[in-house]
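Quick caveat, the model's predicted, so the values are computed rather than measured. Counting starts at 1 for both ligands and their atoms, in listed order.
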Amino acid sequence: MNASLNHPFIRLFGRYLRDQGLPVTQQREAVAQVVFSSSGHLSVDDIEQQLRDGGDRIGKATIYRTLDLLVKSKLVDEHDFGEGFKRYEHRLSREPVHEHLICMECGSVTEFRSEEVQRVEERIAAEHGFRPTRHKLEIYGLCRACQEAGAEVRDQGLTCPIESV
Ligand SMILES: [Zn+2]
Ligand SMILES: [Zn+2]
């Protein structure tokens, strides 16, 4: 059992659930606690493992449903890095606007922040008379460690590499 369920975001999530007329259950709070306690990009397997390490046995179906609610509550972002499963990260981390570098060999995700990217977003949107609310930049390739270990980018043929990673 997780020692404390008093993370401030847990209370926000509880409020969201009550607003939706949904019960605030210990299981939902435990799943939310794992996500809010991490600054990483967690898969469902990661979350299940951390719950188990904390003594909570919560089925995957409940974890999926809770993550769905967390995403709908806008407290958590869902990422699809083309690995065949989703990753989750809470939005109230230190860097609210950040981009991702995704290693296609080891799956590591590195965050970075660039004011230049934000300026480009604003300029391109302005050129199209578009009012931006958010953007997403994902750079796929090989991290330094994998390059040093001799990994090569797999031949992607004529397909778009982003679609086929
Ligand atoms: Zn790597
Ligand atoms: Zn991130």
Side-chain angles (χ1 to χ4, degrees), residues 2 4-5 7-14 16 28-54 58 60 62-125 130-157 159-165:
N2 284 298
S4 69
L5 290 173
H7 197 290
F9 306 148
I10 298 278
R11 261 173 276 152
L12 288 176
F13 184 47
Y16 171 81
R28 283 177 176 157
E29 287 188 329
V31 173
Q33 174 80 12
V34 167
V35 179
F36 292 140
S37 303
S38 170
S39 56
H41 308 78
L42 302 172
S43 67
V44 169
D45 285 344
D46 295 335
I47 294 165
E48 190 182 33
Q49 187 59 51
Q50 286 191 33
L51 286 165
R52 199 173 297 160
D53 292 347
I58 297 176
K60 273 210 168 69
T62 302
I63 298 174
Y64 274 112
R65 273 199 301 273
T66 305
L67 288 168
D68 207 44
L69 292 166
L70 282 165
V71 171
K72 283 189 181 137
S73 75
K74 305 250 199 294
L75 295 168
V76 168
D77 262 338
E78 182 181 67
H79 297 293
D80 185 347
F81 293 141
E83 302 167 289
F85 55 86
K86 305 258 173 74
R87 290 185 181 271
Y88 299 87
E89 117 176 272
H90 74 82
R91 294 181 94 173
L92 305 151
S93 56
R94 290 174 313 249
E95 300 283 2
V97 177
H98 65 259
E99 323 296 344
H100 296 113
L101 292 155
I102 299 124
C103 178
M104 292 155 69
E105 184 70 17
C106 69
S108 66
V109 179
T110 307
E111 296 184 341
F112 69 97
R113 188 174 184 168
S114 162
E115 284 178 14
E116 206 177 337
V117 168
Q118 273 173 274
R119 278 198 299 274
V120 169
E121 176 200 41
E122 280 160 28
R123 180 172 54 76
I124 291 173
F130 192 88
R131 196 171 78 195
T133 52
R134 60 193 289 255
H135 74 271
K136 195 157 137 179
L137 176 64
E138 290 166 5
I139 302 176
Y140 292 84
L142 291 174
C143 72
R144 187 174 303 158
C146 288
Q147 289 172 65
E148 284 170 6
E152 303 276 347
V153 174
R154 286 157 291 166
D155 183 10
Q156 301 290 329
T159 57
C160 170
I162 286 175
E163 281 166 13
S164 55
V165 285

Worksheet item: Would a 4.5 Å heavy-atom cut-off, applied to side chains only, mark Glu105 and Gln147 as touching?
Response: no
Fill in: Which residues share a side-chain hydrogen bond (donor to acceptor under 3.5 Å, both in side chains) with Arg87, sequence neighbours left out
Glu83
Worksheet item: Any side-chain heavy-atom pair from His135 and Glu99 closer than 4.5 angstrom?
Response: yes
Item to complete: With the Zn ion (ligand 2) as the centre, enumerate protein N/O/S atoms below 2.8 Å in chain and residue order.
Response: His41 NE2, Glu89 OE1, Glu89 OE2, His98 NE2, His100 NE2, Glu111 OE2
Fill in: Asp77, Leu70, Val76 screened by side-chain contact (heavy atoms from CB on, under 4.5 Å) with His90, the one that passes
Val76
Practice prompt. Heavy atoms only: give me the nearest Glu89-His79 pair and the separation to one decimal.
Written response: OE2-NE2, 2.7 Å
Discussion item. Using a strict cut-off of 2.8 Å, how many protein N/O/S atoms surround the Zn ion (ligand 1)?
Written reply: 4
Discussion item. Quick one, Phe85 and Asp45 - any side-chain contact, counting heavy atoms below 4.5 Å?
Written reply: no
Worksheet item: Of Leu42, Thr66, Ile58, which is the lone residue that meets side-chain contact (heavy atoms from CB on, under 4.5 Å) with Ile47?
Response: Leu42
Worksheet item: Side chains of Tyr88 and Val34: does their closest heavy-atom pair fall under 4.5 Å?
Response: no
Worksheet entry | By salt bridge (Lys or Arg N to Asp or Glu O under 4.0 Å) - contacts of Lys72 (at least two apart) | Asp68
